[in-house]
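What follows is a short report on a single structure.
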Amino acid sequence: MPSVFPVELKTFEAAITSPEFSSDDYCGMAYAARLLAVDETEVQDLLAKGEIEAWKTLAGHARLHLASVAALAEKQGGGRRLPDPDDLSPLRVMLVEDDEVTLELYRCQFEDWDLPVDCSWMSSALDAMMDIASLRPNLLITDLSMPGLDGLEMLHGLKRNQHLAEMQTIVISGFPAEAIAARGGLPPNARLVQKPVDFSWLEGFVTALASLRKRRAGPATGPR
């Protein structure tokens with residue numbers, strides 16, 4: 001779904017400089033739609049009405065304030081499912097894939113899994129590089145073969161960012177390991193998965209990471 005901003009949004013990079021701002025304070029459009037039990041079009045309408053506080057990243061993607069989303073769900077109530085407090089600290093995933101059909105396949109898979117996961121969908125490595133330092137995903141899933149800046153060049157660049165030292169990386173590629181090694185190899189925390197991707201395996205991997213994050217977070221405190 002293309003990013004359309006009917007109202008002027010503050011930049012996400014400006015918002016995260018606030019001393020009280022936490023990396024767990026925001027989510028994407030799809031995750032907000034899940035918490036509100038509506039579709040993304042309705043979230044866009046709520047955003048246009050100013051009922052949800054949001055920012056725009058450098059690459060033009062919307063990030064919504066989780067407390068604002070939770071407050072709106074509480075206000076609307078009725079038959080809507082209110083956010084589970086445990087959902088307010090989701091596993092942050094960034095998925096980078098330039099093929100539109102493949103990207104939509106990933107979207108469908110993640111929606112079917114119904115996990116406490118907030119995904120940022122990037123159609124290029126350049127978009128990912130623009131936003132990754134501020135979004136700070138817990139898990140990066142990326143293709144390697146992309147036009148312009150490719151996935152391997154992106155990963156080599158990210159190795160220098162200390163803020164992403166604990167980020168897990170899954171590289172999904174048709175390239176043999178030897179060809180990747182010849183170009184400098186993958187970062188130590190990256191796992192190579194050969195195409196076609198085994199979505200059952202990927203679901204298990206993401207589920208395990210989400211469960212680990214939930215245990216580390218401890219008792220939920222609810223929205224701030």
Side-chain angles (χ1 to χ4, degrees), residues 1-6 8-17 21 23 26-32 40 44 47 54-64 90-110 117-175 179-197 202 206:
M1 178 179 182
S3 295
V4 178
F5 298 96
E8 187 66 29
L9 301 184
K10 298 178 293 183
T11 66
F12 183 64
E13 285 63 31
I16 62 177
T17 60
F21 192 90
S23 59
Y26 57 84
C27 69
M29 296 287 292
Y31 197 69
E40 289 189 45
Q44 290 276 13
L47 178 60
W55 310 276
K56 182 165 62 173
T57 70
L58 287 173
H61 302 284
R63 305 307 292 174
L64 284 66
L91 180 77
R92 297 189 301 277
V93 177
M94 178 178 286
L95 199 146
V96 189
E97 171 58 64
D98 67 300
D99 182 75
E100 188 174 325
V101 174
T102 304
L103 190 61
E104 187 60 28
L105 176 60
Y106 278 115
R107 282 180 182 268
C108 293
Q109 290 290 332
F110 272 81
V117 172
D118 176 32
C119 291
S120 299
W121 310 101
M122 302 291 170
S123 58
S124 73
L126 181 59
D127 276 2
M129 288 289 283
M130 291 175 68
D131 283 350
I132 197 167
S134 55
L135 299 185
R136 297 191 187 182
N138 308 115
L139 173 64
L140 171 67
I141 303 173
T142 183
D143 191 10
L144 287 186
S145 180
M146 290 181 278
L149 180 71
D150 70 18
L152 202 52
E153 292 170 322
M154 175 184 70
L155 293 174
H156 290 164
L158 294 179
K159 285 195 299 186
R160 298 188 290 271
N161 192 321
Q162 294 301 311
H163 294 300
L164 303 173
E166 297 185 5
M167 180 182 70
Q168 298 290 312
T169 302
I170 295 177
V171 174
I172 298 176
S173 176
F175 291 132
I180 296 173
R183 291 191 55 197
L186 300 178
N189 60 344
R191 179 188 299 263
L192 177 62
V193 176
Q194 290 290 334
K195 291 183 176 180
V197 61
L202 185 60
V206 174

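In this text the structure is predicted, and so the values were computed from the model without any measurement. Note that the numbering runs from 1 along the sequence shown for the chain.
Between atom OH of residue Tyr31 and atom CZ of residue Arg92 there is a gap of 11.5 Å, rounded to the nearest 0.5 Å. Taken from CE in Met122 to CG in Asp98, the straight-line distance is 14.5 Å, to the nearest 0.5 Å. Taking CG from Leu152 and CG from Leu144, the interatomic distance works out to 5.5 Å, rounded to the nearest 0.5 Å. With values rounded to the nearest 0.5 angstrom, Glu104 atom CD is found 12.0 Å from Glu97 atom CD. Atom CE in Met167 sits 8.5 Å away from atom CE in Met94 (nearest 0.5 Å). How far CG of Asn138 is from OG1 of Thr169: 11.0 Å, rounded to the nearest 0.5 Å.
The ring pair (Phe, Tyr, Trp, His ring centres under 6.0 Å) analysis of residues 118-143, with sequence neighbours excluded, yields the pairs Phe110-Trp121. Identified under the salt bridge (Lys or Arg N to Asp or Glu O under 4.0 Å) test for residues 148-158, with sequence neighbours left out: Asp150-Arg183.
Here the closest non-hydrogen pair linking Ala30 and Glu40 is CB-OE2, 3.5 Å. Closest non-hydrogen pair, Leu64 versus Ala54, comes out as CG-CB, 4.0 Å. Residues Asn189 and Ala165 share a closest heavy-atom pair of ND2-O, 3.9 Å.
Between Leu155 and Leu140, some side-chain heavy-atom pair lies under the 4.5 Å cut-off. You'll find the side chain of Phe12 reaches within 4.5 Å of the side chain of Leu135, heavy atoms only.
Put simply, the residue from Leu103, Leu139, Thr102 that forms a side chain to side chain contact (heavy atoms under 4.5 Å, CB included) with Leu95 is Leu103.
Ser145 pairs by the side chain to side chain contact (heavy atoms under 4.5 Å, CB included) definition with Phe175, not counting sequence neighbours. Residues meeting the side chain to side chain donor-acceptor pair (under 3.5 Å) test with Ser123, sequence neighbours left out: none. In this view, Lys159 satisfies the salt bridge (charged side-chain N to carboxylate O under 4.0 Å, His left out) rule with no residue, not counting sequence neighbours.
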Applying side-chain contact (heavy atoms from CB on, under 4.5 Å) to Tyr106 and Leu202, what does each step give before you reach the verdict? CA-CA 10 Å; Tyr106 278 115; Leu202 185 60; 4.1 Å; yes
Going through the checks in order, is the side-chain contact (heavy atoms from CB on, under 4.5 Å) test met by Arg107 and Cys119? CA-CA 9 Å; Arg107 282 180 182 268; Cys119 291; over 6 Å; no
Apply side-chain contact (heavy atoms from CB on, under 4.5 Å) to residues Gln44 and Met29 and explain how you reach the verdict. CA-CA 8 Å; Gln44 290 276 13; Met29 296 287 292; 3.5 Å; yes
Identify every side-chain donor-acceptor pair in residues 124-132 under 3.5 Å, counting partners at least two apart or on other chains, and give the distances.
from: Ser124; atom 1: OG; to: Asp127; atom 2: N; distance (Å): 3.0
from: Asp131; atom 1: OD1; to: Thr57; atom 2: OG1; distance (Å): 3.2
from: Asp131; atom 1: OD1; to: Leu58; atom 2: N; distance (Å): 3.3
from: Asp131; atom 1: OD1; to: Ala59; atom 2: N; distance (Å): 3.2
from: Asp131; atom 1: OD2; to: Thr57; atom 2: OG1; distance (Å): 2.6

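Of the possible donor and acceptor atoms, none in the side chain of Asp143 sits under 3.5 Å from a partner among the backbone N and O of Gly151.
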